[in-house]
Colleague: 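Got a structure for you, questions after.
Each chain gets a letter, A, B and so on, in the order the sequences are listed, and its residues count up from 1.
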Amino acid sequence: MEHTILNLVVLTILLSNIRLLNTSRLPVMILSVAIQGFVIGVLPLVLHWERINLSLWIIALIMIAIKGVILPRLLHRSMQEAGVIREVEPFVGPTVSLLIGLFLLALSYWITFPLRASLPEELFFVPVLALFTVFNGLFLIVSRKKAITQVIGYLTMENGVYAFGASLAVDHPFLVELGVLLDVWVGVFIMGIAIYHINREFDHIDTDKLSTLKH
Amino acid sequence: MSLILALLLSPLFLGMIVKIKAFFAGRKGQPLLQFYYDLVKLLQKGVVYSSSTTVVFRLSPWIALAAAVTALCILPLPGYSSWISFPGDFFVLFALLAVLRFSLVCAALDTGSSFEGMGASREVLFSFLAEPALLLSFLVLSFGLEGYSLHEILSNPFSIGGGKLVALYFISVSLFIVLLAENSRIPFDDPNTHLELTMIHEVMVLDHSGPDLAGILYTSALKLWILGSLWVGISSPWRGGSFYLDVLVFLGSMIFLAVIIGIIESILARVRLIRVSHALSLATVLAGVALLWIIG
Amino acid sequence: MGIPLLIGSWGVLGIGSVLLCFIRNRKVTHIVGTVTVVVSSLAILGAALWVLIGGKAEELYLSWSVPFGSFYLRIDLLSALFLLLLGIVGGVSALYSYGYFYPESTHRSLSAYWFFYFCLFGGISLVFTAWNGVLFLLAWEGMSLASFFLVLHENNKEEVRKAGWVYIIATHGGTAFLLILFALLGSDLEVWDFHAFQYPAAMGTVLFIVAFIGFGTKAGFVPLHVWLPEAHPAAPSPVSALMSGVMIKTGIYGLVRVVSWAEGKIPLSWGIICVSVGALTGVVGILHALGKKDMKEILAYSSIENIGIIGMGLGIGLYGMSRSLGIGALLGFTAALFHVINHGLLKSSLFLGAGTVLHTVHTRNIEELGGLWKKLPSTGALFGLSSLGIAGLPPLNGFVGEFLLVVAVLTICLQGNTFLDISLAILVLLSLGLIGAGSVACFTRLFGISFLGELRNRKGEYSAERAHGVEGGTFRIPLYILGGLNLLLGIGSIGLAPFVFGGVVSTLPGISYDTSLGTIKILRQTLFPLAIVGSIFLLLTFFLFMLRTWILKRRPIETSPTWDCGYILPSPRMQYSASSFSRPILRLFHRLLPFSESFRWEGNLFPETATYASTLCDLFVRTVYEPLFKGLARFATRIYGLQEGRNQVYILYIALTLIILMVLFLGGNP
Amino acid sequence: MIWSVVIIPFLFGLVSLLLRNHRTLLFLLLLGGIAHFALTVWFWLYQGQWSEGAYPGTSIVFLDSLGILILTVTSFLFLMVAFYTKGYLRNHTERSSITIGCLFFFLATMSLVCVSADMGLLWVAIEGTTLASAPLIYFHKDHRSLEATWKYLLICSVGIALALMGNIFLSYAGGTYIDSLHIPDLLKNAHRFDVRWLKVAFLLLLVGYGTKMGLAPLHSWLPDAHSEAPSMVSALLSGSLLNCAFLGILRGFSILREAGLEEWGGNILILFGLSSLLMAALFLIRQTDFKRMLAYSSVEHMGILSLGAGVGGMAGTGALLHLVNHSLAKGFLFLIAGNILTIYQTKKIESVTGLIQEAPRTAFLWMAGFLAITGSPPFGLFFSEWIILKGMIESEQWVPLVIYLVALFIVFLSMARYVIPMTFPASSVPGSPSVTGGPVSPAGSGGLSVSFGGKEPLWMWAPALVLASVTLILGLFIPESILSFLTVAFSGWGGV
C-alpha cells in the first residue's frame with residue numbers, strides 16, 4: 001500500500017517537473033507546481049507511515065495548505081493582475097529544456113548514488129527526485145524571463161529542498177519546520193510585495209527590463 | 001718636468017704638424033713658431049664681446065686653461081712619476097678634460113649664436129663617443145700592467161710581453177682615433193677651414209677675441225699635447241735609462257707623432273660627419289678587443 | 001645625546017603641528033612652519049654629528065603592542081650619515097619654501113603644506129633610525145603618503161593629479177615588496193627587530209630581488225623609475241629638492257641595511273644584479289635626461305642616472321663581498337655612500353635653482369627660456385656650479401663618488417682577475433664613460449640653454465620686478481649654503497671620508513682589520529691628491545682670470561652683437577634649441593628612444609606656417625607600462641560582460657559554481 | 001539573558017512601526033543603538049566565560065568568542081549608523097517608521113546570527129536578515145532600487161535554499177550521533193561524521209552563505225544592492241551583514257576542521273577568496289559609480305577574509321582582525337559616500353570633483369578612507385592584510401600570495417584613480433604654478449545648499465570620524481590580548 005502511494009508520489013513529482021519544463025503557459029505551470037507542492041506535502045506522511053505523530057501531521061497539513069493551495073492561489077492572482085499568461089520566448093525552448101532536464105536527472109542520480117547503500121531500496125528514488133526538483137527549479141529561474149516564472153522556479157526548488165529534507169532528515173523535524181518558514185516568507189515577501197511593486201513600476205514583469213544595473 | 005715641456009713646446013708641436021702638411025703640399029708653409037707669434041699678437045689686442053654674453057663667456061677660456069694645466073700636473077713623463085700621482089689618476093685627468101669641454105661648451109651657448117650652438121652639440125657628441133673608448137683603453141692598460149696610476153701604466157707598457165702585446169697595438173690605434181677626434185684633426189674636422197657648417201671645435205670659439213682667444217688656442221694646443229703624450233707613452237717601447245735620454249726619446253716620439261698626424265692630414269680628406277661616430281665606435285670596439293686579448 | 005636630539009626634533013615638529021592647528025593668521029603660519037623645520041633640522045644635524053663624531057651608535061628601546069612591532073630606535077653611523085644629509089637638505093629646503101611660497105601665503109593657508117612637510121621630514125628621519133621592521137614600514141609609508149600629498153600641492157592641475165596617482169601606486173607597489181621582504185626575513189621571529197633578522201639560506205637571490213624591487217622603486221632604479229619624472233616636476237620645487245635629494249636615498253639606505261643582515265654571506269648574484277641594473281639605470285637615465293625639455297623632468301632623470309651610479313657602487317661592493325675582495329668591496333660601498341651625500345646636496349641645489357626659475361618665468365620648458373643669467377646672476381652662478389658638480393666633474397663633489405667607483409673597479413679587477421670581474425669592470429667603466437660624457441652634454445644643455453644666450457620665446461619672459469624679488473635673501477641663502485657645501489665637499493672630500501667609511505664599516509659585519517686598513521690607505525692615497533688637484537685648479541682659474549683682467553685693464557673692450565655669419569637680422573629664435581643640441585647623441589639610440597614627432601606643413605611650395613614638435617617618451621612607459629595597463633583595461637572591459645545585469649545569469653553562476661565545486665572537490669564520484 | 005540582544009532591538013522595531021513622529025523615531029533609533037551597544041559591552045565584562053570555552057546560554061543561543069566579536073562590530077557600527085541617520089534622514093520624513101523599524105529588525109536578525117548556537121537557527125537568522133534588509137534597499141522606491149531589491153531577494157533566497165540543503169546534508173552526515181544541529185554537539189561529534197556527506201554539506205553551506213557574503217562569482221547582487229541602498233544601509237550591509245554570512249561559513253568550516261577536513265575546506269575557501277579578489281580587482285578598473293566602487297571593494301575584502309580563513313593559522317587570526325577593520329573602514333566610507341551623494345546629488349565619479357573645497361571634512365575622511373581600505377599604514381587594515389600575508393608565507397602558499405598581492409595592487413591603483421580626481425578640484429589656472437583655482441561648482445551641487453545648509457552638519461561626519469579613528473588606533477596599537485582573543489576565536493574552541 002505505502003509503496004504504491006510512494007511510487008505514485010515519486011511519479012507525480014517527476015511528471016510535474018517535466019511539465020514545468022516543457023510548458024510556456026503560466027496557468028499550467030502554476031497548476032503543476034501546486035500539484036507538486038501538494039504531493040510533496042504528503043511525502044513525509046508516506047515516508048514515515050509507521051512512526052507518524054501529531055506534530056508530523058500538523059506540519060504536513062500546513063505544508064499541503066501552503067504549497068498546494070495558498071501559494072498557487074497567490075501566484076494566480078499576481079498572474080492575473082500582471083496580465084500575463086504566457087512565457088514568451090524563454091531563453092531555452094521547451095525541447096532543449098527537456099533535454100537539459102534529462103541531464104539534470106542524470107546528474108542528481110549520479111550525486112545521490114552513494115546514498116543507495118544507506119537507504120532502503122524502495123526509498124532511493126525520493127532523494128534523487130528531490131535533488132532533481134532542486135536543479136529543475138534552478139534551471140527554471142535561469143532559463144525563463146518573467147518574474148513570475150522565476151518565482152515558480154523558486155517554489156519548485158523549495159519543493160525539492162523540502163522533499164529532500166523530508167526524506168533524509170526526518171530525525172530532525174526542526175529542519176522541516178524551517179522549510180515551512182522559508183516557504184511562508186518567500187510566499188509573502190517575494191510574491192506579494194516584490195511582484196506587486198515590479199508590476200506597478202514597470203507595467204510588466206518581464207525581468208529582461210530588470211537589468212539596468214550592471215558591471 | 002712634463003709640465004714645463006708641455007707649457008713650452010705644445011704650440012711648437014702644432015707648428016710642426018702644419019709644417020709637415022706644408023711639406024707634403026709642396027709649400028713652404030708658415031714658420032714653426034707661428035703659433036707663438038699668434039699668441040703674443042692676440043695677447044696684445046683688446047677684446048670684443050657679444051652683447052648676449054655674460055661673465056660665463058669671459059671666464060670660460062681661463063677655466064679651460066686652468067683645467068688643462070691642472071691635467072698636465074697629473075700627466076707624467078713616460079717612465080717617471082708625475083708631480084701628482086695616485087691610484088686612478090687617469091680618471092681625474094679625463095675629468096679635467098671634461099671640465100675644459102664643459103666650460104667651452106657653456107661659452108659657446110652663451111653667445112646665442114646658432115653656429116656655436118651647433119659646434120657645442122657636436123663637441124659633446126664626440127666626447128660622448130670618445131669617453132667610453134678612453135676609459136676602456138685605460139682599464140685594459142691598468143689590468144694588463146697591474147697598475148693603478150698613470151705612472152705605473154706608462155712606465156713600461158711593453159712589459160706586458162708575449163701574445164698579450166697585441167692588445168697594446170689595439171689600444172694604441174684606439175687612442176690614436178680618440179686623439180684625432182678630440183682635437184678636431186683631419187679626418188674628423190679641419191681646424192683650418194672657415195666654413196662654419198663643417199666645423200666642430202673652431203666654430204665654438206668664433207666669438208672669442210684677443211687674450212681670450214689666445215687662452216683658448218693655447219688650451220687646445222695643451223690638450224693635443226696631453227693626449228699625444230699619453231699616446232706616445234703607451235706606443236713607444238723605448239725607455240732610455242737615464243732621465244735626459246728619456247726626455248729626448250719622449251720628444252723624439254712626439255716629433256714622430258707630429259709627423260704621423262701631418263701625413264694623415266695630408267693624405268686623407270675630411271670624412272662626413274656621420275662617419276665620425278662610426279670611427280669612434282670602432283675605437284671603443286678596438287679597446288674591447290684588446291681587453292679580450294689581455295684576459296685570454 | 002643623539003637619541004634625545006632626535007626625539008627633540010620630533011617634539012619640535014609636534015609642537016609646530018599643534019601651532020599650525022591654532023594659528024589662523026596665514027603669514028604667521030608660514031613663519032611657524034619654516035622655523036619649526038629649521039629648528040628641527042638643526043636638532044637632527046646635531047644628533048647626526050654627535051653620533052658621527054663620537055663614533056658610537058645610540059639606541060632606545062620601548063615596547064609597542066602591535067604584531068611583530070617594537071619601538072626600537074637606533075642611530076648608528078650609517079643612519080647618522082643619512083640623517084646628516086636629511087638635516088641639511090630638509091632645513092635648507094624649508095628655508096627656501098619660505099620665499100617660494102611667500103606670495104601664496106597671502107591668499108591661501110599653507111598649514112596643510114607645512115603639516116605634510118613635517119610628516120615627510122619626520123618620516124624620513126624615522127626611516128633612517130627605525131630598528132624594527134614594523135616601525136620602519138610605518139615610517140616608510142608615512143613618508144610616502146606625506147610626500148604624495150606634497151606632490152599634490154598644486155592639485156588643481158591635471159598633470160599634477162596624474163603624477164600623484166603614478167607616484168602613489170608606484171610607492172604602494174614597492175611597499176608590498178617590503179612587506180614580503182620583512183615577512184620572509186622575520187619568519188621565525190616574534191618581534192622584527194633588525195638585528196635579529198636572518199636570511200633563510202635557501203632563497204638568498206629571491207630575497208634580494210624582492211628587496212631590490214621594494215627599495216629600488218623608491219630609489220628609482222630602471223624600470224621602476226617611472227614615478228620620478230612624473231612626481232618631481234609636479235611637486236613644488238622645495239619638495240622636489242627634499243624628495244630627490246633625500247627621500248629617494250631611503251631606498252639606498254634600505255638596500256644597505258638589507259646587506260647588513262646577510263652577515264657577509266652574500267651570493268654572487270646580488271652584486272651582478274645590482275651592477276647590471278645600476279648600469280642600465282645610469283645610461284637610460286642620462287639618455288632620457290638628454291632628450292627631455294622640462295627643466296625639472298631633466299633633473300628627475302638625472303636623479304635616476306645618479307641612482308644608477310650609486311647602484312653600481314653598491315653592486316661592486318656586494319660583488320666584492322661575495323668574492324672576498326674586501327678592499328674593493330669597501331671602496332664600492334664608500335663610493336656609493338659618497339655619491340648619496342653628494343648627489344643629495346647637488347640635486348637639491350639644482351631643484352631649488354629650478355624653483356627660482358619657475359617662480360620667475362612660470363614655465364619649465366627650457367626651449368622657451370634663455371638668458372636668465374642676466375636677470376638672476378647669483379641663481380645662475382650657483383646653478384652653473386651645481387651643474388658642473390652633477391655632471392661629475394672636479395673640483396665639485398659630484399666627482400668624488402664616481403672617482404672612488406673607478407678606483408673600486410680597478411681594485412676588484414686587479415685583485416680578482418677572473419672573467420666575471422673583468423666583465424663587471426667593463427660594464428661599469430663603459431657605462432660610467434657614457435654617463436659622464438652624457439651628463440656633461442645634458443647639463444651644459446640645461447644650464448646653457450636656460451641661463452645663457454638670449455631669451456628664446458616670449459613665454460619665457462619675466463618681469464624685472466619678479467626677478468628682483470626672487471634674488472632676495474630666502475631665495476639666495478639656501479642656494480649659497482648648498483653651493484658652498486658642494487664646493488667644500490668637492491675639495492675637502494677627505495674630511496667627509498672618515499664618516500662615510502665609518503658608516504660603511506659599521507654596517508657590514510665581519511670586515512677584517514687589515515681590509516679596513518688597506519681601504520683607508522687607498523682612500524687617503526686618492527682623496528688627498530684629489531683635494532690638491534682641486535685646489536690647484538681653483539687657484540689657477542682665479543690666477544688666470546686675474547691675469548686676464550690685469551691684461552685687459554688697458555685695452556679696449558667693445559660690445560657688439562654676436563657674429564652671425566653676416567646675417568643682417570639675427571633673432572633670438574635662431575639660437576640653437578635644446579632639442580637640436582642633444583639630438584645627435586640621441587640619434588645614436590634612435591631605435592631605443594621613443595620619440596613622438598608631429599610635423600605640419602601648410603600650404604604648398606611657399607608654406608605659410610610649418611610646425612614641428614618632438615617629444616621624448618619614456619622608454620619603459622612606452623614599451624612596458626602602457627601596453628600592460630591598456631591590456632589590463634581591455635581585459636577588464638571584456639570581463640564586464642559577466643556582470644551583465646540579468647538575474648537568470650547570476651543564478652546560473654550559482655548553479656555552475658555549485659556543480660563545478662562538486663565535480664572538483666568531491667573527487668569524481670562522491 | 002543572551003536573547004536580550006535579539007529581543008530588545010526587535011521590540012524597538014515594533015515600537016517604531018507604531019510611531020509616526022519623525023523626530024521621535026530618530027531619537028528612538030539612537031536610543032536603540034545605544035541600548036544594544038551597552039548590552040554588548042555588558043557581555044564583554046564576562047569575557048572569561050567564552051575565552052575558556054564555556055558556553056553560557058541555552059541549546060539554541062550562546063555566546064562564543066567568534067559570536068561576540070561579530071556582535072560587537074555589528075553593534076558598534078549600528079550605533080554609528082544611528083548617529084549618522086539622525087543627520088541623513090533629517091529632511092526625509094516619508095515612511096520613516098518602516099525604515100527605522102526595518103533597521104531595528106535588521107539589527108535583531110543580525111544579532112541572532114551572532115548568538116545562534118544551532119545551525120538551523122543560524123540559517124533562519126540569516127534568512128531573516130535578507131527579509132529585514134530588503135525594504136531598506138527599496139528605500140528610494142524607484143526603478144533602480146526595485147531592481148536591486150528584486151535581485152537581492154531572489155539571489156539570496158536561492159543561496160539560502162542551498163544552505164538549507166547543506167543543513168540537511170549536515171544532519172544526514174551526522175546520522176545518529178546527533179539529535180539536533182546544536183553547534184557544540186556537532187563539533188564534539190564531528191570526527192565521527194560521514195565524511196562524504198559532510199563535504200557535500202559544506203559545499204552547499206559555502207555556496208549558500210557565500211552568496212550572501214558576496215564571494216565571487218556569487219556576488220552579483222552585491223554591487224546593485226549596495227549602490228542603490230541609502231548610504232547608512234549600505235554601511236550596515238557591507239560592514240555587518242557580510243560578516244554575519246561569513247560567520248555562517250566559519251561555523252561550517254569549524255565542523256569541517258573537527259572532522260579533519262581542514263585542508264580540503266581551506267582550499268575551497270582559498271579558491272573563493274582568490275576568485276573574489278581577482279574579480280573585484282578587475283571590476284574596479286573601470287567604475288563610474290563610487291558606491292559601486294565601494295561595493296566591489298567589499299567583494300575584494302570578503303575575498304581576503306575567505307582567503308585568510310582558508311589558509312588558516314596566523315592568516316585566520318588575521319582574517320578576523322581584517323573583518324573588524326574592514327567593517328569599520330567600509331562603514332565609514334559608505335557614510336562618507338552618503339555625504340558626497342548629498343552634496344553632489346550624483347553617484348557618478350566623473351561629476352564629483354573638488355571635494356576638498358566643497359566639503360573639506362568629508363574630503364579628508366574620503367581620502368583617509370581610501371587609504372584605510374586599500375591597506376595603507378597606519379590604518380588597521382594594513383596590519384590585518386600583512387598578517388594574512390605572513391600566514392600565507394608561513395604555510396608556503398606561493399601562488400595565492402602572488403595573486404593576492406597583484407589583486408590588492410590593482411585595487412589600489414584603480415581606486416586611487418577615482419579618489420584623487422574626486423577629492424581635488426579640476427580647474428586649471430594656466431601659467432601660474434602656485435595659485436589654486438577657485439571653487440568649482442559641479443553640476444547638481446545645488447543639493448549642497450538644500451541639505452547641508454552650506455556646511456557639513458556634525459551628525460554626518462562625526463560618526464565617520466569616530467570609525468576612522470578606531471581603524472587608525474587599530475593600526476597603531478593592537479594589544480596582544482586582542483590578537484590572542486582572535487586566535488582563540490578562529491580556532492581555539494573547536495576542540496571542546
Colleague: Using a 4.5 angstrom heavy-atom cutoff, name the option from B/S85, B/G46, B/A66 with the most pairs to chain C.
Modeller: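 The candidate making the most pairs under 4.5 Å is B/A66.
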Colleague: Under 3.5 Å, side chain of C/R555 to main-chain N/O of B/L43, donor-acceptor pair present?
Modeller: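 Flag set: sc C/R555 to bb B/L43 pair under 3.5 Å.
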Colleague: Within the structure provided, determine whether C/V440 and B/V105 are in side-chain contact (heavy-atom separation under 4.5 Å).
Modeller: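 Of all side-chain heavy-atom pairs linking B/V105 with C/V440, none is under 4.5 Å.
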Colleague: Begin from the C-alpha positions of C/E454 and B/S52 and carry the test side-chain hydrogen bond (donor to acceptor under 3.5 Å, both in side chains) through to its verdict.
Modeller: CA-CA 6 Å; C/E454 295 283 352; B/S52 303; 2.7 Å; yes
Colleague: Let me know if C/T411 has heavy atoms under 4.5 Å from chain B in its side chain, its backbone, both or neither.
Modeller: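 Contact with chain B is through both the backbone and side chain of C/T411.
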Colleague: Pick one of side chain, backbone, both or neither for C/F581, based on which atoms fall under 4.5 Å of a heavy atom in chain B.
Modeller: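 Both backbone and side chain.
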Colleague: Could you check which of B/G88, B/P61, B/S51 has the highest count of heavy-atom pairs closer than 4.5 Å to chain C?
Modeller: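 Max contact count across the listed options: B/S51.
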Colleague: Under the criterion side-chain contact (heavy atoms from CB on, under 4.5 Å), which of B/V69, B/V99, B/I63 is the partner of C/T541?
Modeller: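 Filter result, single survivor: B/I63.
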Colleague: For the pair C/F399 and B/F91, evaluate ring-ring contact (aromatic ring centres under 6.0 Å, His included) and give the outcome as yes or no after the intermediate values.
Modeller: CA-CA 10 Å; C/F399 178 67; B/F91 189 70; 5.6 Å; yes
Colleague: So C/L430 and B/T284, side-chain contact (heavy atoms from CB on, under 4.5 Å) or not? Walk me through it.
Modeller: CA-CA 9 Å; C/L430 261 184; B/T284 314; 4.0 Å; yes
Colleague: Chain C: which of B/T70, B/T53, B/L134 shares the most heavy-atom pairs with it under 4.5 Å?
Modeller: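 Winner by heavy-atom pair count: B/T70.
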Colleague: With a 4.5 angstrom heavy-atom cut-off, is it the side chain or the backbone of C/A381 that approaches chain B, or both, or neither?
Modeller: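 It is neither, since no heavy atom gets under 4.5 Å.
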Colleague: Which answer fits C/S387, side chain, backbone, both or neither, if we ask what part of it has an atom under 4.5 Å from a heavy atom of chain B?
Modeller: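 Both backbone and side chain.
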Colleague: Side chain, backbone, both or neither: which part of C/I557 has a non-hydrogen atom closer than 4.5 Å to chain B?
Modeller: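 Both the backbone and the side chain of C/I557 come within 4.5 Å of chain B.
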Colleague: Nearest 0.5 angstrom please: B/F86 CZ to C/Q525 CD, how far?
Modeller: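 Taking CZ in B/F86 and CD in C/Q525, the distance rounds to 11.0 Å.
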Colleague: Which of the residues C/G534, C/S431, C/P529 is involved in the greatest number of heavy-atom pairs with chain B at under 4.5 angstrom?
Modeller: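 Top option by heavy-atom pairs under 4.5 Å: C/P529.
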Colleague: Using non-hydrogen atoms only, which part of B/D207 is less than 4.5 Å away from chain C: side chain, backbone, both, or neither?
Modeller: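 The answer is the side chain of B/D207.
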Colleague: Could you please spell out the steps behind the side-chain contact (heavy atoms from CB on, under 4.5 Å) verdict for B/F138 and C/L410?
Modeller: CA-CA 10 Å; B/F138 274 85; C/L410 288 182; over 6 Å; no
Colleague: C/V406 versus chain B, heavy atoms under 4.5 Å apart: side chain, backbone, both or neither?
Modeller: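 Side chain of C/V406 only, per the 4.5 Å heavy-atom cut-off to chain B.
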Colleague: With respect to chain C, which residue among B/A71, B/S277, B/S113 yields the maximal number of heavy-atom pairs within a distance under 4.5 Å?
Modeller: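 Most heavy-atom pairs within the cutoff with chain C belong to B/S113.
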Colleague: When heavy-atom pairs shorter than 4.5 Å are enumerated against chain B, which of C/T444, C/L429, C/L432 gives the highest number?
Modeller: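 It is C/T444.
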Colleague: Heavy-atom distances under 4.5 Å only: say whether B/L135 touches chain C with side chain, backbone, both or neither.
Modeller: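 The answer is both parts of B/L135.
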Colleague: Please walk me through it: do B/F128 and C/L588 pass side-chain contact (heavy atoms from CB on, under 4.5 Å)?
Modeller: CA-CA 11 Å; B/F128 185 79; C/L588 298 173; 4.3 Å; yes
Colleague: With a 4.5 angstrom heavy-atom cut-off, which part of C/I551 approaches chain B: side chain, backbone, both or neither?
Modeller: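 For C/I551, the contact with chain B is made by the side chain alone.
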Colleague: Non-hydrogen atoms of chain B under 4.5 Å away: do they reach the side chain of C/S580, the backbone, both or neither?
Modeller: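 Just its backbone gets close to chain B.
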